[in-house]
Amino acid sequence: MSFIWHTFFFDPIYNSLVFFIDVVPGGDIGIAIICTVVLVKLVLLPLSLKATRTQLAMRAIEPELANIRKEYKDKREVQALKTMELFKKAEVNPFSSIILLFIQIPVIFALYFSVNTGGGVALPAINTDILYSFIPNPETVTMIFFGFIDIAAKSLPLAILAGVTQYIHTTLMLPKPTARAKDAAPDFKEDFARNMNLQMRYVMPIIIVIVAYTISAAIALYFFVSNIMSIVQEYVVRKKGLKVELPK
């Protein structure tokens, strides 16, 4: 487990930060974090595009899913089988977004431990033992982002920006929740999906603000930049018109 952590997460993130600290003016770690987040998002772009395609496909096949739920509402096993067949025909992996999220969690931890732990590992101290051979040892490391935000401390403005951009991204990503018809009978699955939509849209941004503020400005900056890039990606995908082939 330690090998995986250092090989695929902590060491790459740490070395990326140190590389960009050496490159950017004044050794500003905040700018280095922005550059590192952009790099991470580019590496994860294929998975991110796949998750976006899945979201679009799920919207496109929603009428078919509704018909399956209605036709086989008393046959749960058949309903599940037909749903999986529809996912297969539409080439939809409903877990793609979850996979992308799970990959980013250790990246966030790696960023946190690179900035917010002691013992000669966390910045501004440079641990040369874990530097790659081609990564230079920077002469200057500035922990104050743009001269007024301590990256290792808490930052309410950055946390709020992280929450606001999370709300914008979630609003773009999720379809608008449909209200239940007055004469419609209660449906657990539809009610659950509606509640999850509302929680993702309104509760998640609040959680992001709390987490981003509680941990450090470095994590708040990560969420903010990551959300901005996701919003831009969403607009580009919509403008380019990503095509989703529906099952016939």
If we only count heavy atoms from C-beta on, is the [X] to [Y] side-chain gap below 4.5 Å?
X	Y	value
L81	V78	no
L123	I21	yes
Y213	I160	no
V24	I34	no
P46	L49	no
F113	Y14	no
V164	P205	no
I13	V40	yes

Could you name each residue pair satisfying ring pair (Phe, Tyr, Trp, His ring centres under 6.0 Å) that touches residues 133-155, not counting sequence neighbours?
Y132-F134
Distance from [X] atom [atom1] to [Y] atom [atom2], nearest 0.5 Å?
X	Y	atom1	atom2	result
L42	M229	CG	CE	5.0 Å
N137	N127	CG	CG	10.0 Å
I33	I151	CD1	CD1	4.5 Å
D22	L17	CG	CG	12.5 Å
Q166	I231	CD	CD1	8.5 Å

Not counting sequence neighbours, which residues clear side chain to side chain contact (heavy atoms under 4.5 Å, CB included) with [X]? List them please.
X	value
S16	F20, T36, L39
V23	F19
A152	V115, N116, M143, D150
S48	L100, Q233

Which residues share a side-chain hydrogen bond (donor to acceptor under 3.5 Å, both in side chains) with [X], sequence neighbours left out:
X	value
D11	H6
S230	K41
T83	none
Q104	Y222

Hphob cluster co-occupancy, V232 + V43, side-chain heavy atoms under 4.5 angstrom
no
Apart from I144 itself, residues in the same hydrophobic cluster as defined by side-chain heavy atoms under 4.5 Å:
none
What residues join I206 in its hydrophobic cluster, counting side-chain heavy atom gaps under 4.5 Å, either direct or through other members?
I210
Is a side-chain N or O of N15 found less than 3.5 angstrom from the main chain of I130, in a donor-acceptor match?
yes
Please confirm whether the backbone N or O of A162 pairs with a side-chain atom of T165, one donor and one acceptor, at under 3.5 Å?
yes
Please step through side chain to side chain contact (heavy atoms under 4.5 Å, CB included) for the pair I29 and I31, ending with a clear verdict.
CA-CA 5 Å; I29 191 173; I31 301 177; over 6 Å; no
Of all residues at least two apart in sequence or in a different chain, which pass the ring pair (Phe, Tyr, Trp, His ring centres under 6.0 Å) check with F3?
none
Evaluate I108 against F223 for side chain to side chain contact (heavy atoms under 4.5 Å, CB included), listing each step before the verdict.
CA-CA 9 Å; I108 293 172; F223 282 127; 3.8 Å; yes
Derivation of the side chain to side chain contact (heavy atoms under 4.5 Å, CB included) call for F102 and I99:
CA-CA 5 Å; F102 276 125; I99 294 172; 5.9 Å; no
